[in-house]
Amino acid sequence: MSRTRIRSTPVDQACAAAVDIARRAAEEIARPGEVGEHLGFDSEGDRLVAHYFECLDRAYRGWRWAVTVTRASRARVVTVSETVLLPGSGALLAPRWVPWNERLRPGDLGVGDLLPVEADDDRLVPGFASGDEEIDKQMIFELGLGRARVLSVIGRDLAARRWRAGDAGPHTPIASAAPAQCSTCGFYWPLAGALGLGFGVCANEYAPDDGRVVSADHGCGAHSEATTVPSMVTDPAPPILDDLDYDLSEPGSAGDGSEPLGHL
């Protein structure tokens, strides 16, 4: 087994010494006074050196000017190959670009906005290709009619997980303090199909989730069987003491304190 030898490129001394040439190249494209001190150089290849200068523009703090100089083989004259503005370690950069469909969040869709669905969306399947009757029992009314695509098993499971983890799920403060679950409430209307096993719609106008999908193990204080009301008596009545056969005396009225407060 032979080792691969890495050939290191020696620094071209003529290009490394061309600091003034590189500075003038940076000053030609920068505004006056925006090219600062020389920060060093890097060898980028045979007779190819990149010089770095501080950028003094207040809009580009942390950036630096990079000027690449070179010379032809057996030539003594150094020329400028490229001049660019590069970010440094503390430069302010724009955030990483994210496609619009990954930036979208629930609630972002406004009036008049259109949200196209991709043709290969895993949440949907063609209506004629669905083999699960529980997905949509009213998928096809007759041959050739009905919706083009219906909810797939993946889309159904994603919706179920999202609903259970949301505000209408079982792990919310209002559900923990509820007297009973939604599944035992008379205002709970189960959904049709497979989702009806764990979800329904609240039909209580006084409930915070009226008209919304709730999980069967969700709950709130507007439960139909929450008939227990707080007691209207604020303070208990004081006990009645029959003192007809007692002579009461004020505390401390006894001579040596050994006599009881009252006696027969």
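The basis for the numbers below is simple: all heavy atoms, side chains too, and nothing from hydrogens, waters or symmetry mates.
In this structure, Thr172 and Gly166 approach most closely via the heavy-atom pair CG2-O, 3.6 Å. Residues Cys182 and Ser215 come closest through the heavy atom pair CB-O, 3.7 Å. Considering every non-hydrogen atom in both Ala25 and Val67, the closest pair reads CB-CG1, 4.0 Å. Smallest separation of non-hydrogen atoms from Cys220 and Ala178: N-CB, 3.3 Å. In this structure, Val11 and Ser43 approach most closely via the heavy-atom pair CG2-CB, 3.8 Å. Across all non-hydrogen atoms, the minimal contact from Gly33 to Leu56 is O-CD1, 3.4 Å.
Under a hydrophobic-cluster definition in which Ile, Leu, Val, Met, Phe, Trp and Tyr are linked whenever side-chain heavy atoms come within less than 4.5 Å, directly or via other members, Phe199 and Phe187 are assigned to different clusters. Under the 4.5 Å side-chain contact rule for hydrophobic residues, Phe41 and Leu85 share a cluster. A single hydrophobic cluster is seen to contain both Ile29 and Val80, as judged by linkage of ILVMFWY side chains at heavy-atom distances under 4.5 Å, directly or through other members.
His223 is listed as a side-chain neighbour of Pro179, based on a closest heavy-atom distance under 4.5 Å. Here the side chains of Arg164 and His171 are in contact, with some heavy-atom distance below 4.5 Å. Looking at Val19 and His51, their side chains come closer than 4.5 Å, going by heavy atoms from C-beta outward. Residues Arg23 and Phe53 meet the side-chain proximity criterion, which asks for heavy atoms closer than 4.5 Å. Side-chain contact between Leu48 and Thr68 is present, with at least one heavy-atom pair separated by less than 4.5 Å. Residues Glu44 and Val49 form no side-chain contact, since every pair of their non-hydrogen atoms from C-beta on lies 4.5 Å or further apart. Residues Val214 and Val201 are not in side-chain contact: their nearest non-hydrogen atoms beyond the backbone lie 4.5 Å or more apart. Taking the side chain as every heavy atom from C-beta outward, Arg156 and Leu158 never approach each other to under 4.5 Å.
For Trp65 and Tyr52, the distance between ring centers is not under 6.0 angstrom.
Looking at Arg47, its side chain does come within 3.5 Å of a backbone N or O of Arg71 through a donor-acceptor pair. Side chain of Asp12 to backbone of Cys15: a donor-acceptor contact under 3.5 angstrom is found. A donor-acceptor pair is defined here as one N or O able to donate and one able to accept, closer than 3.5 Å; such a pair exists between the side chain of Ser224 and the backbone of Gly186.
Here CG of Asp209 is found 10.0 Å from CG of Asn204. Values are rounded to the nearest 0.5 Å. Between atom NE2 of residue His218 and atom CZ of residue Arg212 there is a gap of 10.0 Å, rounded to the nearest 0.5 Å.
Using a cutoff of 4.0 Å between basic side-chain nitrogens and carboxylate oxygens, Glu34 and Arg31 are scored as salt-bridged.
Between Tyr60 and Trp63, the ring planes lie perpendicular to each other; the angle is over 60°, past the 30° to 60° tilted range.
Crowding of Asp210 atom CG: a count of heavy atoms from other residues, nucleotides or ligands under 6.0 Å exceeding 12. Summarising the local packing, CG of Leu93 is surrounded by more than 12 heavy atoms from other residues, nucleotides or ligands at distances under 6.0 Å.
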